[in-house]
Structure formats: C-alpha cells, structure tokens
Amino acid sequence: MLRISTGQMYQQGLDGILKNQAKMSRTQEQISTGRRILRPSDDPAGSTQVLELNRAARTVEQYQKNADRAQNRLELVDNTLSGITTMLQRVNELALQGSSGTYNAAQRDMIAVEVRGMLSSVLDLANTTDSAGDYLFSGFQGKVKPFAAGAGTYTFSGDTGLREIRISADRTVADSESGFHTFMDVPTAAGGVRDLFSTIDQIATALEADTSPDTLVADISSAIARIGEVHASVGSKQRSIDEQRDINEGFILTLETNRSKLEDVDIAEAITNFNKEKVALEAAQASFAQMQGLLLFNFIR
C-alpha cells in the first residue's frame with residue numbers, strides 16, 4: 001500500500017495553489033496586455049512568425065517614410081517649376097510688348113528692368129534647396145549650387161544624376177528632375193539648344209539696345225514647353241508614389257491582421273478562463289486549509 005507522508009501532502013497542496021496562481025497571473029497578464037503570446041516559450045512557432053511579420057511591417061513602414069520624403073521633395077519641385085513657369089510667361093508678355101513698334105527706347109528700358117528682375121528670380125528658383133539644404137536640381141551633387149551667372153553666360157555645376165528612393169521592394173522613384181535637361185539643354189527655334197537664362201538675358205539685352213526681341217519670343221515659348229514637360233514628369237512621379245503608398249498601407253494592414261491572429265488574445269475567452277482559474281485557486285486554497293487542519297489535529301492527538 002502506497003503511503004504518503006505528511007510532508008508530501010503539504011507540498012502537493014502548496015504546489016497546487018502555486019500552479020493555479022501562476023495560471024491566473026498569466027491569464028491576467030494576457031488580459032492587461034491583450035496578447036496571447038507573452039514569451040517565446042508560450043508558442044515558439046507563433047513567436048517566430050510574429051517576429052517575421054513585425055520585421056516585414058517595419059520594412060514597409062520605412063518604404064512609407066521614403067515615399068513621404070520623396071513626395072515632399074517632389075512637391076517642392078512642383079511648386080518651384082510652377083513659379084518659374086509664371087515668370088517665363090511674364091517674360092514672354094514683356095518680350096511681345098517690347099517687340100511692338102510703338103515702344104520707344106525709354107519704354108523698352110523699363111521693360112528690360114522688369115525682364116532682368118524676372119531673370120534674377122528664375123535663377124534663384126532654379127537654385128532652390130530642400131529642407132536638408134540640398135539643391136533640387138544638382139543631381140547627385142546636392143550640396144553644389146547648380147546655376148551661376150557670369151558676364152552674360154550661365155553655367156551648370158551639378159550633374160545629370162537622379163536620386164532614386166526605394167518605396168517598395170521592387171519600386172524606386174526619383175525625387176527630382178535633371179537640372180541640366182530642365183534649364184540648360186532647351187531647344188531653340190533655330191534648331192539648336194540654349195539655356196533659358198541666356199534667352200531671358202538676350203531679351204533684356206535687346207530691349208536695352210532699343211531693338212525688338214521678337215526673334216527670341218519663340219525661344220521663351222520653347223522654354224515654357226520644356227518646363228511643362230518636366231512638370232508633367234513630376235506629376236507622374238507623384239501619382240506613382242500615391243499609388244504605392246496605398247499599396248503599402250494595404251500590405252501593412254494585412255501584416256497587422258495576420259500578426260493579430262497569431263499574437264492577440266481573445267479577451268472574452270481569457271476572462272472566462274480567468275474566472276475558472278479563480279474558482280480552481282479558491283478550491284485549492286480551501287482544500288489546503290482543510291488539510292492543514294487535519295494534519296494539526298493528528299499532531300495534537
């Protein structure tokens with residue numbers, strides 16, 4: 001016949017209480033955190049999957065941050081090009097005015113002053129920097145001022161590279177446009193190319209010499225058309241980013257849903273389990289108290 005010692009009975013009763021307390025404590029922690037998996041040991045396979053899902057989510061979130069940065073920079077490019085277009089349109093109007101035979105030398109001089117003001121503003125805008133202090137149109141040479149004027153000539157000091165930013169695992173987008181293509185390599189009516197700064201400068205020079213700048217009007221129109229082409233390219237990039245951001249958001253939501261299925265606890269079920277475990281603990285405590293009383297009675301007897 002198997003005999004159980006007083007010490008064994010006491011230890012078994014105590015172990016039962018501690019076991020029930022541990023189960024209640026774990027369930028209570030699940031309820032308070034909302035998580036089913038509290039430690040890797042709770043579900044090793046599930047924990048591994050949760051880690052992989054979290055890692056994937058962090059990667060996609062970084063893509064979203066990249067997309068936001070690219071979008072912000074392209075919005076600045078967009079606004080800059082809009083400002084330049086407005087100024088070129090004004091230069092075009094002034095050139096047409098100055099081409100009129102009804103204007104005298106003094107009037108053309110006054111027009112030339114405004115044209116030179118437009119030239120200075122266009123040059124400033126072409127040298128716009130972003131929030132990080134990088135020039136928009138310098139290519140890879142972000143810290144190099146791209147455009148400079150000197151004795152009626154205009155130089156480009158950047159390069160033709162475009163910074164590509166990754167916005168998904170298989171998609172990148174350039175966060176600017178080529179400054180050389182946009183401002184320097186502009187077709188002329190004669191079939192050649194000229195930078196738009198020189199075209200504006202020549203219009204002002206012609207007006208200052210009391211001559212008609214009519215031959216340059218078509219070149220300004222060509223410059224406006226080139227800016228329009230680049231503007232359209234920026235818009236296409238922005239639409240591409242918006243599209244990818246929507247895709248990324250959907251992917252993040254899917255990852256979060258899958259993670260939740262693995263990691264999150266069913267609160268209603270957890271509360272039910274907690275109540276059951278509470279009853280079991282109270283029963284174990286009552287049983288242990290009775291056992292202690294019996295053991296004490298036997299000891300006294």
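Residues: numbered from 1 along the sequence shown. These figures come from a predicted structure and were not determined experimentally. Just the heavy atoms: all of them, side chains too, but no hydrogens, waters or symmetry mates, feed the values below.
- Side chain to side chain, N66 and R69 meet the donor-acceptor criterion of an N or O pair below 3.5 Å.
- Using a 4.5 Å heavy-atom cutoff, the side chains of N104 and Q107 are in contact.
- No continuous path of ILVMFWY side-chain contacts below 4.5 Å connects L81 to L162, so the two sit in separate hydrophobic clusters.
- Under the 4.5 Å side-chain heavy-atom criterion for Ile, Leu, Val, Met, Phe, Trp and Tyr, L125 and Y135 are members of distinct hydrophobic clusters.
- A perpendicular orientation is assigned to the rings of F183 and F137, their planes being inclined by more than 60° (bins at 30° and 60°).
- If you run side-chain contact (heavy atoms from CB on, under 4.5 Å) between Y63 and each of N248, I247, I165, I252, only N248 comes through.
- Between E164 and R171, no side-chain nitrogen of the basic residue sits less than 4.0 Å from a carboxylate oxygen of the acidic one, so the salt-bridge criterion is not met.
- Residues passing the salt bridge (Lys or Arg N to Asp or Glu O under 4.0 Å) test with D175 are R73, R163, sequence neighbours excluded.
- Counting heavy atoms from C-beta outward, Y154 and F147 have side chains that stay 4.5 Å or more apart.
- Qualifying salt bridge (Lys or Arg N to Asp or Glu O under 4.0 Å) partners for R245, counting only residues two or more places apart in sequence or in other chains: D68, D242.
- E249 meets the salt bridge (Lys or Arg N to Asp or Glu O under 4.0 Å) test with no other residue; sequence neighbours excluded.
- Put simply, the side chain of V217 does not reach to within 4.5 Å of the side chain of P213, judged on heavy atoms.
- Using a 4.5 Å cut-off on side-chain heavy atoms (C-beta onward), D134 and T129 make no contact.
- Of the candidates T155, T160, D195, M184 forms a side-chain contact (heavy atoms from CB on, under 4.5 Å) with just one, namely D195.
- Under the 4.5 Å side-chain criterion, counting only non-hydrogen atoms from C-beta, S120 is in contact with D124.
- For R90 and E93, the salt-bridge test passes: some basic side-chain N is under 4.0 Å from an acidic carboxylate O.
- The closest side-chain heavy-atom distance from L255 to R55 is not below 4.5 Å.
- The heavy-atom pair separating A174 from K237 by the smallest distance is O-CD, 3.1 Å.
- Considering every non-hydrogen atom in both A112 and E208, the closest pair reads CB-CG, 3.6 Å.
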- For side chain to side chain donor-acceptor pair (under 3.5 Å), just list the numbers for Q141 and S157, CA-CA rounded to whole Å, side-chain angles, deciding distance to a tenth of an Å, and then say yes or no. CA-CA 8 Å; Q141 309 298 318; S157 299; over 6 Å; no
- Task: Test side chain to side chain donor-acceptor pair (under 3.5 Å) on R194 and T188 and set out the steps.
- Result: CA-CA 7 Å; R194 184 195 304 123; T188 65; 5.1 Å; no
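- For the atom pair CE of M87 and OG of S82, the computed distance is 11.5 Å after rounding to the nearest 0.5 Å.
- Cluster annotation: L88 and V77 are assigned to the same hydrophobic cluster (Ile/Leu/Val/Met/Phe/Trp/Tyr, side-chain heavy-atom contacts under 4.5 Å, transitive).
- Contact check on E229 versus R226 returns a salt bridge, with a Lys/Arg side-chain nitrogen under 4.0 Å from an Asp/Glu carboxylate oxygen.
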